[in-house]
Amino acid sequence: MNEVSSSLYWSLPGPAGFRNRVSDAARNARALFLNFPQHMPVNPRAAVEQSLVDANVYDPVLLTIQEGMNISREVGVHFGGTNMPAQSLVHHHYGAAHAVVLFAAGLRSQSHCEKYAKEFMDALKDSEGDVRLVVALQ
């Protein structure tokens with residue numbers, strides 16, 4: 001779909017309501033799972049990014065996770081390091097509300113994203129960081 005029809009799609013009541021729920025959740029939660037249908041009529045990436053902006057989370061790290069990618073390494077690069085496991089990300093202080101968004105590109109990459117998110121959530125209890133983790137699955 002082109003940009004005009006994508007804008008039209010996300011302005012419809014159902015999709016717009018979904019974006020609002022994502023914004024509300026991003027304000028209140030450190031970990032967020034989004035489940036999109038296998039065949040979306042539009043690319044959800046821009047809507048996720050706009051939902052985060054609506055929640056005052058600017059300049060999120062948007063990563064498309066392909067099969068075989070090392071998520072810790074991909075996340076670490078964006079924070080000036082070489083590796084950032086989920087247990088480190090959960091304690092990271094960015095200085096403002098910030099987010100890392102993992103878009104799983106396939107079933108294997110989806111399972112790697114889920115594993116990284118589980119490690120993040122397991123470490124949440126004792127954390128004081130300000131980075132949110134958003135996992136977008138299909």
Side-chain angles (χ1 to χ4, degrees):
M1 281 191 159
N2 62 31
E3 188 61 36
V4 173
S5 55
S6 178
S7 297
L8 176 62
Y9 175 81
W10 288 109
S11 69
L12 294 171
F18 174 79
R19 273 193 36 216
N20 290 336
R21 288 190 304 276
V22 171
S23 294
D24 291 343
R27 283 186 199 96
N28 301 313
R30 296 268 319 275
L32 180 62
F33 281 86
L34 306 177
N35 189 5
F36 293 102
Q38 181 87 25
H39 302 286
M40 285 283 297
V42 297
N43 186 343
R45 191 177 182 111
V48 171
E49 188 172 10
Q50 184 59 51
S51 296
L52 291 171
V53 168
D54 292 347
N56 298 317
V57 178
Y58 298 100
D59 299 320
V61 175
L62 304 171
L63 299 172
T64 300
I65 304 302
Q66 302 287 340
E67 185 176 323
M69 289 175 78
N70 182 321
I71 297 173
S72 296
R73 191 172 302 131
E74 295 297 323
V75 172
V77 165
H78 290 280
F79 289 100
T82 57
N83 199 25
M84 185 168 281
Q87 298 87 345
S88 297
L89 180 64
V90 78
H91 294 289
H92 186 76
H93 286 278
Y94 186 77
H98 194 60
V100 172
V101 184
L102 305 177
F103 291 94
L107 291 177
R108 259 181 99 194
S109 59
Q110 181 170 309
S111 105
H112 292 304
C113 290
E114 289 171 351
K115 181 179 182 281
Y116 190 86
K118 181 180 181 335
E119 293 167 359
F120 184 90
M121 292 185 328
D122 288 346
L124 266 175
K125 185 185 341 176
D126 301 322
S127 73
E128 296 180 8
D130 57 9
V131 178
R132 288 139 178 78
L133 178 64
V134 180
V135 179
L137 308 172
Q138 290 187 330

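These numbers come from a predicted model, not from an experiment. Hydrogens, waters and symmetry mates play no part in the numbers below; they use all other heavy atoms, side chains included.
Residues Leu137 and Glu114 meet the side-chain proximity criterion, which asks for heavy atoms closer than 4.5 Å. Side-chain atoms of Asn70 and Asn83, non-hydrogen and from C-beta on, do get closer than 4.5 Å to each other. Side-chain atoms of Val61 and Val75, non-hydrogen and from C-beta on, never get closer than 4.5 Å to each other.
For Tyr58, the side chain to side chain donor-acceptor pair (under 3.5 Å) partners at least two apart in sequence or on another chain are Asn56. Glu49 meets the side chain to side chain donor-acceptor pair (under 3.5 Å) test with no other residue; sequence neighbours excluded. Under the side chain to side chain donor-acceptor pair (under 3.5 Å) criterion, Arg27 pairs with Asp24, sequence neighbours left out. Partners of Val77 by side chain to side chain contact (heavy atoms under 4.5 Å, CB included), not counting sequence neighbours: none found. Partners of Asp130 under the salt bridge (Lys or Arg N to Asp or Glu O under 4.0 Å) rule, at least two apart in sequence or in another chain, do not exist in this structure.
For Phe18 and Phe36, the ring centers sit closer than 6.0 Å to each other.
Residue Ser51 comes nearest to Val22 through the heavy atom pair CB-CG1, 3.5 Å, listed as atom of the first residue, atom of the second, then distance. Among all heavy-atom pairs drawn from Arg30 and Ser127, the shortest one is NH1-OG, 3.2 Å. Closest of all the heavy-atom pairs between Arg132 and Ala29 is CG-O, 3.3 Å. When all heavy atoms of Leu133 and Ala117 are compared, the closest pair comes out as CD2-CA, 3.7 Å. Minimum heavy-atom separation, Ala55 to Ser23: CB-O, 3.3 Å. The shortest heavy-atom contact between Thr64 and Met69 is O-SD, 3.4 Å.
In the hydrophobic clustering of ILVMFWY residues, with side-chain heavy atoms under 4.5 Å counting as a link, Leu89 and Leu63 come out together. A continuous path of Ile, Leu, Val, Met, Phe, Trp and Tyr side chains, each step under 4.5 Å between heavy atoms, connects Val131 with Met84, placing both in one hydrophobic cluster. Grouping the Ile, Leu, Val, Met, Phe, Trp and Tyr side chains by contacts below 4.5 angstrom, directly or via other members, places Ile65 with Phe33. Phe103 and Ile71 fall into different hydrophobic clusters, defined by Ile, Leu, Val, Met, Phe, Trp and Tyr side-chain heavy atoms under 4.5 Å apart, directly or through other members. One hydrophobic cluster, built from ILVMFWY side chains closer than 4.5 Å, holds both Met121 and Val90.
Ring-plane geometry between Tyr94 and His98 is classed as parallel, the angle between the planes falling under 30 degrees on a 0 to 90 degree scale with a further cut at 60.
For the residue pair Gln50 and Asp54, a side-chain donor N or O sits within less than 3.5 Å of a side-chain acceptor on the partner.
Without hydrogens or angle criteria, Arg108 side chain to Glu67 main chain gives no donor-acceptor distance under 3.5 Å.
The 12-atom threshold is exceeded at CG of Asp122, counting heavy atoms of other residues, nucleotides or ligands nearer than 6.0 Å. Residue-environment remark: CZ (Arg45) exceeds the threshold of 12 foreign heavy atoms within 6.0 Å.
Residue Leu124 holds its CG atom at 12.5 Å from CD of Glu119, rounded to the nearest 0.5 Å.
Among residue pairs with one or both ends in residues 107-138, none qualify as ring-ring contact (aromatic ring centres under 6.0 Å, His included); sequence neighbours excluded.
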